[in-house]
**Q** 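After the structure tokens below, expect a handful of questions from me.
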Amino acid sequence: MRKKENLNEIYNILYSHYGPRYWWPADTPFEVIVGAILTQNTNWKNVEKAIRNLKLAGYLDIRKISKIRKDGLEELIKPSGFYRQKAERLQNFCRLLLNEYGSIENMFRERPGDLRNKLLSQKGIGPETADSILLYAGNFPFFVIDSYTKRVFDRLGFRINDNYEDIRNFFESNIPKNVGIYKEYHALIVEFAKDFCRKRPLCEKCPLKKKCSYNRFH
DNA sequence: ACCCAGGTGGCCC
DNA sequence: GGGCCACATGGG
């Protein structure tokens with residue numbers, strides 16, 4: 001791991017390069033939750049199809065999803081892949097949410113740390129999904145770590161171990177504790193990773209070129 | 001015909 | 001604690 005100025009500097013460079021990303025792309029907190037579950041190891045385009053299906057059917061609704069037959073839900077979300085487990089887990093989560101809290105607004109009144117543990121205890125909600133929900137639906141300052149984050153900062157020369165909580169703690173202790181910045185930084189990392197950390201030929205135009213440890217191989 | 005995508009849980013040691 | 005594996009669709 002490296003020092004904090006670098007993390008903030010990288011944020012500034014990415015923000016200058018891309019501008020605001022307006023994440024999370026969703027109309028409601030519940031849509032964030034659904035998207036967070038459906039996008040697990042899945043291309044976002046496929047998730048958009050699934051969410052569109054839910055909307056068109058009038059089923060992007062916590063009570064509707066709680067009551068629908070499981071095979072009906074599977075059909076609607078099929079484009080997002082892993083649709084049997086996701087249908088099961090999404091439905092279970094909706095039922096838990098209604099039973100324990102009654103509503104999303106009420107769920108987000110719980111103490112953030114307690115809520116995070118509650119989310120993590122649900123089957124199908126791991127640390128990234130939990131933090132996506134807490135940050136983008138609940139506006140709580142939890143930094144979201146995903147495979148892009150690990151890949152990007154590995155290439156930038158940060159010595160990152162593979163432990164989710166360690167990485168999250170590293171970010172949260174070295175950038176301002178600000179929900180807007182957390183939201184924007186994660187979105188910028190994803191944007192940057194898609195542009196530059198998959199296709200090597202684009203490296204010449206990379207805004208973080210000077211910081212990238214891959215440069216010595218060029 | 002591969003490979004990848006905004007992960008997670010189960011099982012093994 | 002880490003190393004595999006299943007889970008499934010759609011696009012390059």
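Letters A, B, ... mirror the listed sequences (proteins, then strands); counts begin at 1. The figures here come from the full heavy-atom set of this structure, side chains too, leaving out hydrogens, waters and symmetry mates.
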**Q** Would you mind reading off the distance between A:Phe93 atom CZ and B:dT8 atom P, rounded to a whole angstrom?
**A** 13 Å

**Q** C:dA8 phosphate, OP1 or OP2: any side-chain N/O from A:Ser80 under 4.0 angstrom?
**A** no

**Q** Would you say a side-chain N or O of A:Arg84 is under 4.0 Å from OP1 or OP2 of C:dC7?
**A** no

**Q** Can you tell me, in whole Å, how much space there is between the P of C:dG10 and that of B:dT8?
**A** 22 Å

**Q** From the list C:dC7, C:dG10, B:dT8, which nucleotide is the closest neighbour of the side chain of A:Asn46?
**A** C:dG10

**Q** Could you check whether any side-chain heavy atom of A:Ser132 comes within less than 4.5 Å of a side-chain heavy atom of A:Phe142, counting everything from C-beta outward?
**A** no

**Q** Is a donor from one side chain sitting under 3.5 angstrom from an acceptor on the other, for A:Thr149 and A:Asp146?
**A** yes

**Q** Between A:Asn41 and A:Asp162, name the one whose nearest nucleotide on DNA chain C is closer to the 5' end.
**A** A:Asp162

**Q** Going by the side-chain hydrogen bond (donor to acceptor under 3.5 Å, both in side chains) test, which pairs reach into residues 17-38 of chain A, not counting sequence neighbours?
**A** A:Tyr18-A:Asp195, A:Asp27-A:Lys55, A:Glu31-A:Lys55

**Q** Which residue lies toward the 5' end of DNA chain C, A:Phe82 or A:Lys45, if each is placed at its nearest nucleotide?
**A** A:Phe82

**Q** Under 3.5 Å, is there a donor-acceptor pair linking the side chains of A:Lys78 and A:Asn53?
**A** no

**Q** A:Lys49 side chain N/O closer than 4.0 Å to the phosphate oxygens (OP1, OP2) of C:dG11?
**A** yes

**Q** Take the protein atom CG of A:Asp166 and the nucleotide atom C1' of C:dG2, then report the distance between them rounded to whole Å.
**A** 14 Å

**Q** OP1 or OP2 of B:dG7 versus the side-chain N and O atoms of A:Ser147: is any pair under 4.0 Å?
**A** yes

**Q** Please give the distance between the P atoms of C:dC5 and B:dC4 as a whole number of Å.
**A** 15 Å

**Q** Using a strict cut-off of less than 4.0 Å between a Lys/Arg side-chain nitrogen and an Asp/Glu carboxylate oxygen, indicate whether A:Lys64 and A:Asp61 qualify as a salt bridge.
**A** no

**Q** Could you go through nucleotides 9-13 of chain B and list every protein N or O atom that sits under 3.5 Å from one of its N or O atoms, giving the distance for each pair?
**A**
| unit_1 | atom_1 | unit_2 | atom_2 | d |
| --- | --- | --- | --- | --- |
| B:dG9 | OP1 | A:Gln122 | O | 3.1 |
| B:dG9 | OP1 | A:Gly124 | N | 2.8 |
| B:dG9 | OP1 | A:Ile125 | N | 3.4 |
| B:dG10 | OP1 | A:Lys123 | NZ | 3.1 |

**Q** Could you tell me how far C:dA6 sits from B:dC3 if I compare only their P atoms? Round to whole Å.
**A** 15 Å

**Q** Quickly work out the A:Glu165 CD to C:dG2 C1' distance and round it to whole Å.
**A** 17 Å

**Q** Looking only at side-chain N and O atoms, does A:Arg109 offer a donor or acceptor that is under 3.5 Å from a partner on A:Asn106?
**A** yes

**Q** What is the nucleic acid contact for A:Ser132, judged by heavy atoms within less than 4.0 Å: base, sugar-phosphate only, or nothing?
**A** nothing

**Q** Measure CG/A:Asn163 against C1'/B:dG7 and give the value in whole Å, please.
**A** 15 Å

**Q** Taking CG from A:Leu76 and C1' from C:dT9, how many angstroms apart are they, rounded to a whole number?
**A** 15 Å

**Q** Given atom CH2 of A:Trp44 and atom P of B:dG7, what is their separation to the nearest angstrom?
**A** 11 Å

**Q** Side chain of A:Tyr83: nearest nucleotide among B:dT8, C:dG1, C:dT9?
**A** C:dT9

**Q** Can you measure A:Ile37 atom CD1 to B:dA5 atom P for me and round it to whole angstrom units?
**A** 21 Å

**Q** Does the side chain of A:Arg151 get closer than 4.0 angstrom to OP1 or OP2 of B:dA5 through an N or O atom?
**A** yes

**Q** How many Å lie between NZ on A:Lys86 and P on B:dT8, as a whole number?
**A** 11 Å

**Q** Without hydrogens or angle criteria, can the side chains of A:Gln91 and A:Ser66 be said to hold a donor-acceptor pair below 3.5 Å?
**A** no

**Q** Here's a test for you: under ring pair (Phe, Tyr, Trp, His ring centres under 6.0 Å), which of A:Phe170, A:Tyr136, A:Tyr185, A:Tyr11 qualifies with A:Phe143?
**A** A:Tyr185

